[in-house]
*Asks:* 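Before I ask anything, let me first share the structure, which is written out below as structure tokens.
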Amino acid sequence: MDVELLSGISNLPFILNNEFHDSISLAQNKTCSERCKEKDCLNLFDSYYNKDYICSKGYNNYLHEIGDTKVIYNGLIYNDNKDVPQGRKDVRRDYIIERKKLVEHTEKLSRIENYIEKRVNETIEKNFSMFHDFKTSMTIFFSCTQDIINKLPGNTFLEKIEGSDRSYKDLYNSLELITSQLRMVDVIINPKSIIFGSKRNINIFQLFEKITKLFNHLSTKKRDINIEVSRETWIDNSYCYESIEFIPLILLDNALKYSVPNSTIEIKFEQSGNNVRVIIKNIGPIVSDENENKIFEKFFRDPFGEEFSKEGIGMGLYIAQQILLAHDSKLNYFKDVKENKLIGLNIFTFELPLLQD
């Protein structure tokens with residue numbers, strides 16, 4: 001649930017993404033938004049056990065999880081609150097609320113969110129259902145291409161493709177890339193499929209190497225962009241769901257989409273202790289400060305990035321984040337801006353635990 005919607009349907013002031021917002025009928029308590037230096041109510045965002053919190057000013061604050069969104073209703077005064085002086089209560093009568101009313105309010109918003117989520121999923125399924133037939137056709141096309149390559153000279157398929165004409169290589173790589181991208185339709189329609197199947201040993205470095213080869217022809221054709229993959233040492237396997245294979249596909253596609261001409265996409269692997277760290281760097285439009293967390297939300301695209309590239313619907317980074325969260329990891333975004341320009345160094349990183357002996 002985003003700020004605009006929450007502001008329009010909530011009767012209570014709230015905090016979202018560490019920012020204080022007015023509701024449709026009640027403005028932020030000025031003690032909270034302007035005068036409080038501690039802002040200790042924000043600690044609720046990191047709490048795994050507590051939903052209620054009395055802040056340093058004596059106000060009640062309540063954490064509400066709406067879908068994937070965490071919201072804090074702040075600056076409230078429960079009827080039984082004895083931490084706020086009576087004089088302050090008299091001035092802030094609008095902020096006095098019964099616990100029962102607060103629970104009813106949160107339940108109502110959760111029902112609205114569930115309804116919206118249901119309708120969005122129905123729309124997604126309806127709009128993407130046509131791609132299933134297209135995916136089937138592409139699979140057949142890809143299989144026919146493999147049959148053609150198998151008839152070329154050579155002992156193994158790899159020898160045949162490596163010894164073939166450039167057009168065969170480009171055709172095969174393009175079809176394999178398209179087939180892989182179309183498999184993501186299932187995840188878009190049903191995000192729960194991220195954890196379908198059993199976990200198995202997967203080498204994330206080899207995955208990136210494979211996808212990089214598929215992108216090389218496209219990256220050269222598109223704005224002369226080079227892709228470099230490097231590692232400091234041998235990278236061990238990780239124990240992952242099959243969905244982890246979408247990570248290099250999404251992150252390379254994202255980097256390529258938002259890279260300036262004649263630049264290099266750098267992918268670096270570092271193994272430290274029981275984890276492998278993956279770092280993807282590219283030169284392109286940077287994400288504004290206020291949108292750094294929003295780029296991992298469904299259908300969100302930073303305005304300058306959208307102006308730079310018309311491709312995409314804002315689902316890639318959301319899917320990547322959900323896949324990594326399912327692996328007890330997280331995708332992080334950093335940037336290095338020179339002279340406050342709109343173009344700079346974009347850095348995405350994540351870590352995966354390595355398979356233990």
*Asks:* Do the charged groups of Lys330 and Glu351 touch, with an N to O distance under 4.0 Å?
*Replies:* no
*Asks:* Among residues two or more places apart or on two chains, list those pairs meeting ring pair (Phe, Tyr, Trp, His ring centres under 6.0 Å) that have a residue in residues 76-116.
*Replies:* Tyr73-His105
*Asks:* Indicate whether any N or O donor in one side chain lies under 3.5 Å from an N or O acceptor in the other, for Asn74 and Gln28.
*Replies:* yes
*Asks:* State, to 0.1 Å, how close Ser238 and Leu352 come at their nearest heavy-atom pair, and which atoms those are.
*Replies:* OG-CB, 3.9 Å
*Asks:* Do Asn254 side-chain atoms and Ile250 backbone N/O form a donor-acceptor pair below 3.5 Å?
*Replies:* no
*Asks:* Could you pull out all residues at least two apart from Glu228 that satisfy salt bridge (Lys or Arg N to Asp or Glu O under 4.0 Å)?
*Replies:* none
*Asks:* Over all heavy atoms of both residues, which pair between Asn61 and Gly75 is shortest? Give the atoms and the distance, please.
*Replies:* OD1-N, 3.2 Å
*Asks:* Does atom NZ of Lys70 have more than 12 heavy-atom neighbours, drawn from other residues, nucleotides or ligands, at distances under 6.0 Å?
*Replies:* yes
*Asks:* Starting from Tyr59, can I reach Phe14 by hopping between I/L/V/M/F/W/Y residues whose side chains sit under 4.5 Å apart?
*Replies:* no
*Asks:* How far does CD1 of Ile247 sit from CG of Leu331, to the nearest 0.5 angstrom?
*Replies:* 7.0 Å
*Asks:* Which distance, rounded to the nearest 0.5 Å, do you find between the CD1 of Ile202 and the SG of Cys240?
*Replies:* 5.0 Å
*Asks:* Determine whether His64 and Ser110 satisfy the following criterion, side-chain hydrogen bond (donor to acceptor under 3.5 Å, both in side chains), listing intermediate values before the conclusion.
*Replies:* CA-CA 9 Å; His64 181 204; Ser110 292; 2.9 Å; yes
*Asks:* Please check: side-chain N/O of Tyr333 versus main-chain N/O of Val287, any donor-acceptor pairing under 3.5 Å?
*Replies:* yes
*Asks:* Does any non-hydrogen side-chain atom of Asp80 lie less than 4.5 Å from one of Arg99?
*Replies:* yes
*Asks:* Is it true that Lys335 and Asp289 make a salt bridge, defined as a side-chain N closer than 4.0 Å to a carboxylate O?
*Replies:* yes
*Asks:* Measure the shortest side-chain to side-chain distance between Ile161 and Leu158 over non-hydrogen atoms and say whether it is less than 4.5 angstrom.
*Replies:* yes
*Asks:* Considering all heavy atoms of both residues, which atom of Pro248 and which atom of Ile244 are nearest to each other, and what is their separation?
*Replies:* CD-O, 3.5 Å
*Asks:* Are Thr264 and Ile227 close enough that some pair of their side-chain heavy atoms sits under 4.5 Å apart?
*Replies:* no
*Asks:* Can you tell if the side chain of Ile283 reaches within under 4.5 Å of the side chain of Leu345, non-hydrogen atoms only?
*Replies:* yes
*Asks:* Could Lys268 and Glu232 be called an ion pair, given the rule that one side-chain N must be under 4.0 Å from one carboxylate O?
*Replies:* yes
*Asks:* Check whether Tyr62 and Tyr53 end up in the same hydrophobic cluster, where Ile, Leu, Val, Met, Phe, Trp and Tyr are linked by side-chain heavy atoms less than 4.5 Å apart.
*Replies:* no
*Asks:* With a 4.5 Å cut-off on side-chain heavy-atom distances among I, L, V, M, F, W and Y, is there a chain of contacts connecting Ile204 to Ile195?
*Replies:* yes
*Asks:* Any chance you could lay out the salt bridge (charged side-chain N to carboxylate O under 4.0 Å, His left out) test for Lys57 and Asp83, step after step, and finish with the verdict?
*Replies:* CA-CA 8 Å; Lys57 303 298 181 185; Asp83 292 277; over 6 Å; no
*Asks:* Answer with yes or no whether the hydrophobic clustering places Phe246 together with Tyr241; edges join I, L, V, M, F, W, Y residues whose side-chain heavy atoms lie under 4.5 Å apart.
*Replies:* yes
*Asks:* Quick check against the 3.5 Å criterion: does Asn203 have a side-chain atom that pairs as donor or acceptor with the backbone of Gln206?
*Replies:* yes
*Asks:* With Arg231 as the cation and Phe205 as the aromatic partner, state whether NZ or CZ is under 6.0 Å from the six-membered ring centre and within 45° of the axis.
*Replies:* yes
*Asks:* Which is it for Phe350 and Asn332 under the side-chain contact (heavy atoms from CB on, under 4.5 Å) test, yes or no, and what are the steps along the way?
*Replies:* CA-CA 6 Å; Phe350 69 90; Asn332 300 293; 5.7 Å; no
*Asks:* Does Gln271 use its side chain to pair, donor to acceptor, with the backbone of Asp236 at less than 3.5 Å?
*Replies:* yes
*Asks:* Which heavy atom of Cys32 sits nearest to which heavy atom of Phe20, and what is that distance?
*Replies:* O-CE2, 4.1 Å
*Asks:* Measure the spacing between CG of Leu175 and OG1 of Thr145 and express it to the nearest 0.5 Å.
*Replies:* 4.5 Å
*Asks:* Only counting residues at least two apart or in another chain, list the ones meeting side-chain contact (heavy atoms from CB on, under 4.5 Å) with Gln322.
*Replies:* Ile194, Tyr318, Leu325
*Asks:* Test side-chain contact (heavy atoms from CB on, under 4.5 Å) on His327 and Ser243 and set out the steps.
*Replies:* CA-CA 10 Å; His327 290 84; Ser243 59; 4.0 Å; yes
*Asks:* Please tell me if the side chains of Leu16 and His21 come closer than 4.5 Å, counting only heavy atoms from C-beta onward.
*Replies:* yes
*Asks:* Are the side chains of Ile279 and Glu270 in contact, using a 4.5 Å heavy-atom criterion?
*Replies:* yes
*Asks:* Can you find a heavy atom in the side chain of Val71 that is under 4.5 Å from one in the side chain of Thr69?
*Replies:* yes
*Asks:* Where do Ile280 and Ala255 come nearest, in terms of heavy atoms and distance?
*Replies:* CG2-CB, 4.3 Å
*Asks:* Is there a donor-acceptor contact under 3.5 Å linking the side chains of Asp90 and Gln86?
*Replies:* yes
*Asks:* Taking Lys281 first and then Asp336, would you say they form a salt bridge - that is, a charged N and a carboxylate O separated by under 4.0 Å?
*Replies:* no
*Asks:* Between Glu290 and Asn17, is there a side-chain heavy-atom distance shorter than 4.5 Å?
*Replies:* no
*Asks:* Can you tell whether the side chains of Lys257 and Asp253 come within less than 4.0 Å, N to carboxylate O?
*Replies:* yes
*Asks:* How long is the straight-line distance from OG1 of Thr106 back to CG of Leu12, given to the nearest 0.5 Å?
*Replies:* 9.5 Å
*Asks:* If only atom types and distance count, is the side chain of Lys89 paired as donor or acceptor with the main-chain N or O of Asn81 below 3.5 Å?
*Replies:* yes
*Asks:* Test Asn282 against Tyr258 for side-chain hydrogen bond (donor to acceptor under 3.5 Å, both in side chains), laying out the working first.
*Replies:* CA-CA 8 Å; Asn282 78 292; Tyr258 298 112; over 6 Å; no
*Asks:* Nearest 0.5 Å, what's the CG-CD1 distance between Asn29 and Ile77?
*Replies:* 7.0 Å
*Asks:* In the single-linkage hydrophobic clustering (I, L, V, M, F, W, Y; side-chain heavy atoms under 4.5 Å), do Ile9 and Ile24 co-cluster?
*Replies:* no
*Asks:* Could you list the residues that satisfy salt bridge (Lys or Arg N to Asp or Glu O under 4.0 Å) with Arg200, not counting sequence neighbours?
*Replies:* Glu245
*Asks:* Test Phe157 against Gln146 for side-chain contact (heavy atoms from CB on, under 4.5 Å), laying out the working first.
*Replies:* CA-CA 9 Å; Phe157 186 84; Gln146 288 177 311; 4.3 Å; yes
*Asks:* Would you check if the side chain of Asn43 reaches a backbone N or O of Asp40 as a donor-acceptor pair within less than 3.5 Å?
*Replies:* yes
*Asks:* Please check: side-chain N/O of Thr156 versus main-chain N/O of Glu159, any donor-acceptor pairing under 3.5 Å?
*Replies:* yes
*Asks:* Using every non-hydrogen atom in the two residues, find where Asn275 and Pro353 come nearest and quote the distance to one decimal.
*Replies:* OD1-CA, 3.3 Å
*Asks:* With rounding to the nearest 0.5 Å, note down the distance linking CG in Leu251 to CD1 in Ile211.
*Replies:* 11.0 Å
*Asks:* Mind checking side-chain contact (heavy atoms from CB on, under 4.5 Å) for Asn18 and listing every partner two or more places apart, or none if nothing turns up?
*Replies:* Leu42, Phe45
*Asks:* Give a yes or no on this: more than 12 heavy atoms of other residues, nucleotides or ligands lie within 6.0 Å of atom NZ of Lys199.
*Replies:* yes
*Asks:* Under the side-chain contact (heavy atoms from CB on, under 4.5 Å) test, which residues partner Phe304, sequence neighbours left out?
*Replies:* Pro285, Asp302, Glu307, Leu342, Ile343
*Asks:* Is the side chain of Ser263 donor-acceptor paired with the backbone N or O of Ser259 at a distance under 3.5 Å, no angle test?
*Replies:* no
